Structures are given as structure tokens and as C-alpha cells.
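The structure presented is a predicted model; accordingly, all values stated were derived computationally and were not measured. Proteins get letters first, then strands, A, B, ... in listed order; numbering begins at 1 in each.
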There are 2 protein chains.
Amino acid sequence: MDLQLPPTLRQLRVACSQCNLMELCLPVGLSEEDVARIEELIGTRRKLKRHQALYEVRSSFQALYAIRAGSFKTTIVLEDGREQVTGFQMTGELLGLDGISTGLHVVSAIALEDSEVCVIEYARLEALAREIQGLQAQFHKVLSREIVREQSVMMLLGTMRAEERLAVFLLNLAQRFAARGFSGTEFRLRMTREEIGSYLGLKLETVSRTLSHFQEEGLIEVQHKNIRLRDRERLRALIQAPLSH
Amino acid sequence: MDLQLPPTLRQLRVACSQCNLMELCLPVGLSEEDVARIEELIGTRRKLKRHQALYEVRSSFQALYAIRAGSFKTTIVLEDGREQVTGFQMTGELLGLDGISTGLHVVSAIALEDSEVCVIEYARLEALAREIQGLQAQFHKVLSREIVREQSVMMLLGTMRAEERLAVFLLNLAQRFAARGFSGTEFRLRMTREEIGSYLGLKLETVSRTLSHFQEEGLIEVQHKNIRLRDRERLRALIQAPLSH
DNA sequence: ACGATGAGTTGACCGCCATCAACGAAAACG
DNA sequence: CGTTTTCGTTGATGGCGGTCAACTCATCGT
């Protein structure tokens with residue numbers, strides 16, 4: 001998500017009615033007229049309760065979903081039952097991009113808390129993107145950004161140690177909370193240790209131990225799902241030079 | 001890449017001049033007229049020698065590249081120098097999608113052998129995609145497919161053991177060679193053990209050992225960079241039930 | 001052709017994280 | 001409100017793959 005929003009963009013966000021559709025509705029260079037047209041895109045809204053699936057693997061792809069409130073995880077499963085969390089999404093982020101490729105979803109999207117999404121019918125989006133250049137450009141950027149995000153996760157999973165993975169994870173969450181106007185220092189984890197571990201390629205015990213370790217080192221405070229970052233700089237430094245103990 | 005090409009598509013491929021632009025030039029439902037227009041897209045061609053960079057990290061993004069001949073790796077680097085291979089690309093696949101997001105490339109693309117690419121100026125592609133619905137749809141699918149591919153790599157890195165990772169890697173390569181009309185049973189690795197290891201989150205020694213292990217088990221034959229698959233089924237089975245030894 | 005250099009193999013040892021297990025605490029349920 | 005279940009923490013132990021090292025074998029350049 002873009003952090004530094006020029007003033008003009010803030011206006012656009014307001015113009016885009018009540019919807020926090022940051023990623024799709026905030027392209028630079030859209031006229032007010034275009035913004036109005038984009039509102040046509042938003043079809044129904046959908047509310048989900050905690051643990052409810054927005055869509056399941058193998059279900060047919062019809063729409064993208066912009067998260068209006070709440071948060072989600074996406075998970076992929078192997079035939080033998082092994083499951084992996086491939087991402088955590090929060091307000092303003094898009095879900096469903098995985099389905100464009102084949103017309104079937106390859107991941108499931110599960111609400112981590114009671115949430116609400118805007119349904120964006122994909123056929124309409126494609127049609128409108130053909131007419132509004134700025135929308136097309138922005139949509140491509142969103143797709144590419146997801147590719148880039150996943151590449152950095154590959155890097156994390158391929159080369160980093162447990163401590164580094166957790167540090168990256170916490171700093172990333174903090175940044176995203178801050179970008180949404182929440183505290184980037186104190187926040188509540190929406191997911192369990194097991195889900196964090198699954199995302200980071202670690203076991204839940206390792207996640208728990210590493211968080212405790214961070215606390216002992218004075219880097220963070222942990223109280224169940226509540227996290228407080230106490231020393232961002234050392235946390236950041238840790239990514240390049242793991243703690244020697 | 002799509003394997004089952006309906007007859008009409010074979011014609012299109014021929015129509016798309018000499019170019020093997022499978023992913024972009026083979027959308028279903030393009031009229032002959034549209035195909036002709038797509039040819040406008042192809043600007044210059046570029047030849048690269050082994051080890052030469054098609055583009056580097058942080059270089060400005062201007063174009064996508066369709067591989068006409070040869071193969072590439074894409075790599076990402078951390079500040080501390082750690083490097084990871086994020087993908088191997090071969091004939092007919094697209095390079096450069098990572099740059100759309102920010103206008104700067106976040107990976108480097110390096111030729112694994114002497115290679116040739118078609119340069120597709122991105123601005124032109126976007127313009128043409130606005131006019132030709134089939135091209136737009138196909139382009140979105142290519143982007144989404146890359147997202148899906150990376151998700152399966154995340155799964156591999158997050159949950160699989162060394163043996164399983166290698167098995168997945170070999171079977172995937174075999175499938176892609178086969179899809180290009182080459183043997184899916186006997187092929188030559190274009191990359192080193194170190195590059196394979198980097199991609200799979202393993203050290204080169206582990207790659208080497210595991211390949212030797214496969215050979216002892218009669219699953220494959222290895223002679224330096226030449227691989228021969230001897231028992232695909234057991235190789236595939238191994239992914240769900242690692243060898244007990 | 002021939003050294004020089006990079007690539008690959010194999011062995012010995014070790015460390016990080018998984019595994020197994022027990023306990024404690026919070027939250028969800030009726 | 002109390003009970004059950006899920007979630008989280010911590011300890012003990014072990015194994016997979018990393019690390020260090022030595023050696024062999026291609027490949028490439030001059």
C-alpha cells in the first residue's frame with residue numbers, strides 16, 4: 001500500500017463515497033468524472049463472520065473483493081492436507097487476484113474477524129479498465145505489487161532465520177497499521193501463532209519462543225495477541241545481523 | 001503455459017510471425033486482424049550472452065520481454081548481500097512483470113545461456129490492451145498466473161522437505177520442456193546447483209546430495225547437468241510421502 | 001594443449017528448528 | 001457463570017539440512 005498520499009489523493013478517497021478502496025480507487029490522475037464512474041463498479045457488499053470463507057479453493061472466480069473492514073488470511077492446501085497461509089490482508093487490500101488465471105480460485109480466503117468487503121464484478125472491472133486508462137494502469141500495478149510482495153516472501157522463506165522472519169513480519173504489520181491511521185507501535189494480532197507460523201514457514205512453538213525471546217531482549221512487549229514495539233531500530237537491525245546469544 | 005492448444009491457436013501462433021510469444025500472442029478469441037495489430041507491439045529484439053543481464057534491480061521499467069530462445073533466472077538481493085533466485089524462465093515466458101508496480105525493477109534478469117528476447121514496450125501494450133479485449137484478458141491472466149506460481153513456491157519453501165522440493169522442481173522442469181516439444185524425460189539443466197539451491201531455499205551441497213540420493217533410489221539418472229527421469233510416478237509420490245530411509 | 005577456474009561430489013560435524021509433551025490462560029459456548 | 005475448547009508458553013530431545021573442508025572433474029580462455 002502507498003504510504004505517502006499526496007493531498008489530492010485524500011480528496012479522491014473522500015470522493016469515492018464511503019469506500020476505503022485504497023488500491024483501486026486511488027489512482028493518480030483520475031478525473032472526478034472517472035471516480036464517479038468507478039463507483040458503478042462496486043456491486044453489493046458482503047459481511048462475513050470470523051472464520052467464514054469469502055471464497056474457497058476451486059470455487060469459480062467471478063469477482064474481486066476490496067476489504068472495507070476487517071482482515072483475512074488466504075490459504076492454499078496440498079492433496080495430503082498440508083496447508084499454508086500465503087498472505088494476510090487488511091482494510092483497503094484486494095482479494096481474489098488468484099482466480100483470474102484459470103477462472104477458479106486456487107486459495108481460500110477466510111475472515112480473521114467479522115469483516116466486510118465490496119464485491120467488484122470482474123467482467124465490469126475489465127470493461128471499465130478498457131475505458132479509463134488510469135484505472136487500467138492502477139489495476140496492473142496492484143497485480144504487479146502482489147507479484148513483488150510474494151517475491152519478498154520467497155526471499156524470507158528461502159534465506160531468513162526464524163528471528164529474522166518474525167522481525168520482518170512484525171515490522172510489516174506495523175507499517176500497514178500505520179498506513180491506515182492506526183498505531184504502528186501498538187496493535188493486536190488478528191491471527192493465531194499457528195497461522196503466523198504457517199505464513200512464515202515455522203511451527204507455532206517457534207513463533208511463540210521467538211516472540212518471548214524478543215521480549216526478553218526488550219525489543220517488544222507481548223501480551224497474548226497484543227504487541228507493542230519497543231525498539232524498532234534494533235528490530236530492523238536484526239534482519240541483517242541476527243542476534244548472537 | 002497452456003498445454004492443450006486448440007487447433008485455432010496453432011494457426012494463431014503461426015500468424016504471430018516467427019515469434020514464440022506463447023503467453024501474450026495466443027489468447028483465445030483474437031481475430032486475425034487483432035493478431036496483425038499485436039505484431040505492432042513487438043519492437044526490437046535483443047540478444048544476450050550467457051550471464052548477461054537483461055535488466056538489473058532498480059533499473060527503470062520500460063518494457064516486458066518475451067523469451068524467444070534461451071533461458072533466464074530472476075534474482076532478488078537483500079542489503080546484506082544475500083541473494084535469492086525467484087524464478088527460472090524459458091522460451092515463451094514473460095520477463096519484467098515485477099517492474100510494473102513501481103516503475104523500477106525489483107529483480108535482475110540474467111541469461112543462463114545465450115538467449116534472445118522480444119522487447120514489448122509497456123506503454124504500447126497498455127494502449128493496445130485497451131483496444132483489444134482478448135489481449136487485455138490474456139495479459140491479466142499472465143499476471144495472475146505469476147501470482148499463482150509464486151504461491152506454490154511459497155508452499156514449497158514453507159512446508160516441504162529437501163527431497164520434496166527437488167522432486168517438485170524436476171517434475172516442473174520436465175513438464176515445461178515437454179510443453180515446448182522437447183523431451184520431458186531427458187533434459188539439460190541450464191542452471192548450477194547453487195542456483196537451484198537458491199531457488200529452493202537449500203544449499204548447493206544439499207541439492208547435490210539429494211540428486212545423488214535420487215539416483216541411488218533409481219528415480220533419476222544424473223550426469224552433471226544432464227538429467228534423466230527414470231521413475232516419474234515414484235518421484236511424484238515422493239512429494240506426498242517423503243522417502244523413509 | 002594446458003593450466004586456471006568454476007562446478008560438483010562426498011564426508012564429518014554441528015546448530016537451528018521441529019517434535020513431543022505438559023501445563024496454563026483466555027475465550028467461546030451453552 | 002461455569003465448563004470446554006482453543007490458544008499460547010515452556011522444556012527436553014532429536015533430526016534435517018547447514019557448514020566447513022577436501023577432492024575430483026568439466027569447462028573456458030589464451
Side-chain angles (χ1 to χ4, degrees), chain A residues 49-52 73 82-85 110-114 156-167 169 188-217 220-227 238 241-245, chain B residues 49-52 73 82-85 110 112-114 156-167 169 188-216 220-227 238 241-245:
Chain A
K49 298 212 160 168
R50 197 153 97 101
H51 297 160
Q52 200 181 341
K73 66 172 176 182
R82 273 181 289 188
E83 183 173 340
Q84 170 142 9
V85 172
I110 314 286
L112 292 175
E113 58 191 314
D114 293 357
L156 179 147
L157 292 172
T159 72
M160 289 190 177
R161 305 156 27 109
E163 269 178 2
E164 304 178 86
R165 298 185 196 189
L166 254 309
F169 175 73
R188 185 173 177 77
L189 299 175
R190 255 60 216 213
M191 64 296 282
T192 67
R193 303 288 193 264
E194 187 171 21
E195 288 163 339
I196 296 173
S198 174
Y199 181 59
L200 298 178
L202 301 171
K203 291 296 163 183
L204 67 94
E205 294 95 329
T206 304
V207 173
S208 181
R209 262 187 260 271
T210 307
L211 288 178
S212 299
H213 185 202
F214 282 174
Q215 184 161 237
E216 289 163 18
E217 295 280 340
I220 66 176
E221 273 175 38
V222 190
Q223 243 171 16
H224 315 297
K225 297 209 186 259
N226 299 310
I227 300 283
L238 193 147
L243 283 182
S244 51
H245 37 184
Chain B
K49 298 212 161 165
R50 197 153 96 103
H51 296 161
Q52 200 182 342
K73 67 170 175 181
R82 274 181 288 187
E83 183 173 338
Q84 171 144 8
V85 173
I110 314 285
L112 293 175
E113 60 191 311
D114 293 357
L156 179 147
L157 293 171
T159 72
M160 290 190 176
R161 306 156 28 112
E163 270 178 1
E164 304 178 85
R165 297 184 195 189
L166 253 308
F169 175 72
R188 184 172 177 77
L189 298 175
R190 254 61 218 212
M191 64 297 282
T192 67
R193 302 287 192 266
E194 187 172 20
E195 288 163 338
I196 296 173
S198 174
Y199 181 58
L200 298 178
L202 302 170
K203 291 295 161 182
L204 66 95
E205 294 95 329
T206 304
V207 173
S208 181
R209 263 187 259 271
T210 306
L211 289 178
S212 300
H213 185 202
F214 282 174
Q215 183 160 237
E216 289 163 19
I220 66 175
E221 274 175 37
V222 190
Q223 246 171 15
H224 314 298
K225 296 208 186 266
N226 298 308
I227 300 284
L238 193 147
L243 284 182
S244 52
H245 36 186

In residues 198-207 of chain A, what donor-acceptor pairs under 3.5 Å come from side-chain atoms, sequence neighbours left out?
{"residue": "A/Ser198", "atom": "OG", "partner": "A/Val85", "partner atom": "N", "Å": "2.8"}
{"residue": "A/Tyr199", "atom": "OH", "partner": "A/Arg149", "partner atom": "NH1", "Å": "3.1"}

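Rounded to whole Å, atom C1' of D/dG18 lies 10 Å from atom CG of B/Leu202. Nucleotide C/dG24 holds its P atom 19 Å from the CZ atom of A/Arg193, rounded to whole Å. Atom CG in A/Leu112 sits about 12 Å away from atom P in D/dC7, given to the nearest Å. For the pair B/Arg161 CZ and D/dG17 C1', the interatomic distance rounds to 10 Å; values are reported in whole Å. Here the C1' atom of nucleotide C/dA26 and the CD atom of A/Gln223 are 12 Å apart, to the nearest Å. Here the C1' atom of nucleotide D/dG17 and the CE atom of B/Met160 are 17 Å apart, to the nearest Å. Remark: C1' of C/dT9 and CD1 of B/Ile196 are 14 Å apart, rounded to the nearest angstrom. Rounded to whole angstrom, the span from the CD atom of B/Glu195 across to the P atom of C/dG6 amounts to 14 Å.
Annotation: of the two residues near DNA chain C, B/Glu194 and A/Arg165, the 5′-most nearest-nucleotide partner is B/Glu194.
Annotation: the terminal axes of the helix from C/dA1-D/dT30 to C/dG30-D/dC1 meet at 60°, where each axis is the rotation carrying the C1' atoms of four end pairs onto the next four (5 pairs per end, rounded to 10°).
Interatomic distance, A/Leu238 CG to A/Glu164 CD, rounded to the nearest 0.5 Å: 7.0 Å. Note that CD of B/Gln84 and OG1 of A/Thr159 are 5.5 Å apart. Values are rounded to the nearest 0.5 Å.
For A/His224 and D/dG8, the shortest distance from a side-chain N or O to OP1 or OP2 is not below 4.0 Å. A sub-4.0 Å separation between OP1 or OP2 of D/dT10 and a side-chain N or O of A/Ser212 is present.
The backbone N or O of B/Lys49 lies less than 3.5 Å from no partner atom in the side chain of B/Asp114, so there is not a single donor-acceptor pair.
For A/Asn226, the side chain to side chain donor-acceptor pair (under 3.5 Å) test picks out A/Arg188, with sequence neighbours left out. Scored by the salt bridge (Lys or Arg N to Asp or Glu O under 4.0 Å) test, B/Arg209 finds no partners at all (sequence neighbours excluded). Residues forming a salt bridge (Lys or Arg N to Asp or Glu O under 4.0 Å) with A/Lys73 (at least two apart in sequence, or on another chain): A/Glu195. Listed by chain and number, the residues in a salt bridge (Lys or Arg N to Asp or Glu O under 4.0 Å) with A/Glu113 are A/Arg190 (sequence neighbours excluded). Checked against side chain to side chain donor-acceptor pair (under 3.5 Å), B/Gln52 has no partners two or more places apart in sequence or in another chain.
Side-chain contact between A/Leu211 and A/Arg193: present, with at least one pair of heavy atoms (C-beta onward) separated by less than 4.5 Å.
Residue contacts for B/Gly201: at a heavy-atom cut-off of 4.0 Å it reaches the sugar-phosphate backbone alone, with no base atom in range. Within 4.0 Å of A/Leu211, counting heavy atoms only, lies no atom of the nucleic acid at all.
Minimum interatomic distance between B/Met191 and B/Leu112 (heavy atoms only, all atoms of both residues): CB-CD1, 4.2 Å.
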Checklist entry - For nucleotides 19-24 of chain D, read 5' to 3', which letter fits each nucleotide if B means a protein heavy atom sits under 4.0 Å from the base, S means only the sugar-phosphate is that close, and - means neither? => result BB----
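For A/Ser208, counting side-chain heavy atoms from C-beta on, the closest listed nucleotide (D/dG8, C/dT9, D/dT9) is D/dT9.
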Under 3.5 Å between N/O atoms: give me all the protein pairs with nucleotides 27-30 of chain C, atom names plus distance.
{"residue": "C/dA28", "atom": "OP1", "partner": "A/Arg50", "partner atom": "NH2", "Å": "2.7"}

Next on the checklist: Go through it in stages, so that I can follow the logic: the residues are A/Lys225 and A/Thr192, the test is side chain to side chain contact (heavy atoms under 4.5 Å, CB included), and I'd like the CA-CA distance, side-chain angles, deciding distance and then a yes or no.
Outcome noted: CA-CA 8 Å; A/Lys225 297 209 186 259; A/Thr192 67; 3.8 Å; yes
